[in-house]
Amino acid sequence: MNKQNSYYRVIDLPAGELHVYAHDDLFYAMGNKVLEMANNNLQIPGIRHMSYTPDAHVGVGTCIGTTAVWGTEDGYISPSIVGSDIGCGMRMHLTNLQGSDLKDVRLRRRLVKAIEKRIPVENHARGYFSDIWLEDVLRKGLHGLPGKYVPDSYTPRKATSLTHVENSRFSFRETELDRIPENLYHRAHRQLGTLGNGNHFIEIQEIAIEENKRDLAGQWGLKDGQIAVMIHSGSRSWGGAVNQYGGSQVAKTMSKLGLGTADPKLAFAPLQSDAGQSYANLMYSALNYAVVNRHLMAYAVRDAFKEVMGSKTELTTLYDLMHNYCSEETHGGEELLIHHKGTTRALPAGHSGNPAPYRETGHPALIPGSMGTASYLMVGVPEGAANYHSICHGAGRVRSRNATKQLVTVDEFASSMRIGQEDEIVLNTRALEALVDESPQAYKDVDQIIDSVVQARLADVVAKCRPLAAVKGV
DNA sequence: ATGTCC
């Protein structure tokens, strides 16, 4: 174990060890800035483990693609590592349709229009869920929703929703909510059920199962050629509010305790301090918000499919998980605080952390591709314990939004979406200019990232999901 | 990623 090879290395930085799970080519392409950033993060006291996945790239304070671990008793919590899109993650639903059902581009267009009618994607969008109490969502996650928004049964035998979610409810100290100003409360309320922009998306995909994973795919309910829906979104402005108001408490504690690194943007406090506990509690409210936000969008997409494809169309939940969060977990009998900034948990078969329906198989790890490229369903492997069962979260940006706009013309972008051809990946907007900075050229090659994760023995591929249509925020 | 302010 722990043997360095061309897919895994340990870097000895001045402040400590950084584990990098990436092929040599991807590692050398990362540049020095990501190592500087790691060195700052490693200066946070008591850190037990820090690693990069192959999609690592520079973020604010901490690289996207970071897994960082402390003990819960003597450890630290960092709002900078979690970031501001708290609870951002993936949700996947399976339909009873086949790829051939959507061969006609006009049907894909009608579906996209029907989704857009139900899910606001524009800037300053307002959601349609005024009959839901924000307090209930923050306090109880999916359990805070009125019954009509939870179409699947709550009972484990029939459930396809609540039991197929990594965490349907986080409990927390509700008095901490008083720290958030009332106007931000109202903003978060009207944003429920909205997509957001940037790399967030709703995609209609066709599933292709890996030859050697047919048994597992069958146990998950996957079929070759099946149509699925993938949703990538987070906690909208509520996460930002938590980051700001929870983070400012943390900053005060840092100066009181004389803590800091070379990067003034890197905030952290002892988990057991007042500020640490306050932030952790607020963060849990954002995780509740994020899972509900994705759930409500899935509810709307289900309605859209029924309208266009017929009332017999099903959209059962496969799974929902996050890639920006931290949580207390038991690993090797120890209580640890695991931070994920753009990294996905992928537990193997038999691991006790799997939700009940996936205890024996391992849960699906949902990995988004860039727009126009495939997404992946993966499963953890036992060797992944070396990285606390944390894997990549996608392709990873390779150039900035501005640099992408300089490099890629609208025509080039249109042709990578095969616009105007029979196999066009239908987008929700004809204003392609607004989406150029999300073009595939802005991202690393997701296939390479996935290969790197597999070769490093963190996870295996179960299925590849090819995009047929995408709804993006504009 | 997001909202705000220039």
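So that the names make sense, note that chain A is the first sequence line, chain B the second, and so on, each numbered from 1.
Atom pair A:Phe201:CZ and B:dA1:C1' shows a separation of 15 Å (rounding to whole Å applied). Rounded to a whole Å, the NZ atom of A:Lys341 is 11 Å from the P atom of B:dA1. As rounded to whole Å, 16 Å separates atom C1' of B:dT2 from atom CG of A:Leu192. The OH-C1' distance, from A:Tyr185 to B:dG3, rounds to 20 Å in whole Å. Protein atom CD of A:Glu438 is 6 Å distant from nucleotide atom P of B:dA1, rounded to whole Å. Atom OH in A:Tyr325 sits about 19 Å away from atom C1' in B:dA1, given to the nearest Å. Across the protein-nucleic acid pair, A:His200 atom NE2 and B:dT2 atom P stand 5 Å apart, rounded to whole Å.
Using a 4.0 Å cut-off between a side-chain N of Lys or Arg and a carboxylate O of Asp or Glu, A:Arg108 and A:Glu424 do not qualify as a salt bridge. Taking a cutoff of 4.0 Å between a charged side-chain nitrogen and a carboxylate oxygen, A:Glu176 and A:Arg173 qualify as a salt bridge. A:Lys405 has no carboxylate O lying under 4.0 Å from a charged side-chain N of A:Glu433, or vice versa, which leaves the two without a salt bridge. With respect to A:Asp303 and A:Lys306, no salt bridge is recorded, no charged nitrogen being found less than 4.0 Å from a carboxylate O.
The 5' end of DNA chain B is approached more closely, in terms of each residue's nearest nucleotide, by A:Asp85 than by the other of A:Asp85 and A:His124. Each of A:His232 and A:Leu184 was assigned the nucleotide of DNA chain B with the nearest heavy atom; the assignment lying further toward the 5' end belongs to A:His232.
Across all strands shown, A:Ser84 has heavy atoms under 4.0 Å from base atoms, whether or not it also approaches the sugar-phosphate. Note on A:Gly198: only backbone sugar-phosphate atoms sit closer than 4.0 angstrom, heavy atoms only; bases stay farther off.
Residue A:Arg236 places at least one side-chain N or O closer than 4.0 Å to OP1 or OP2 of B:dT2.
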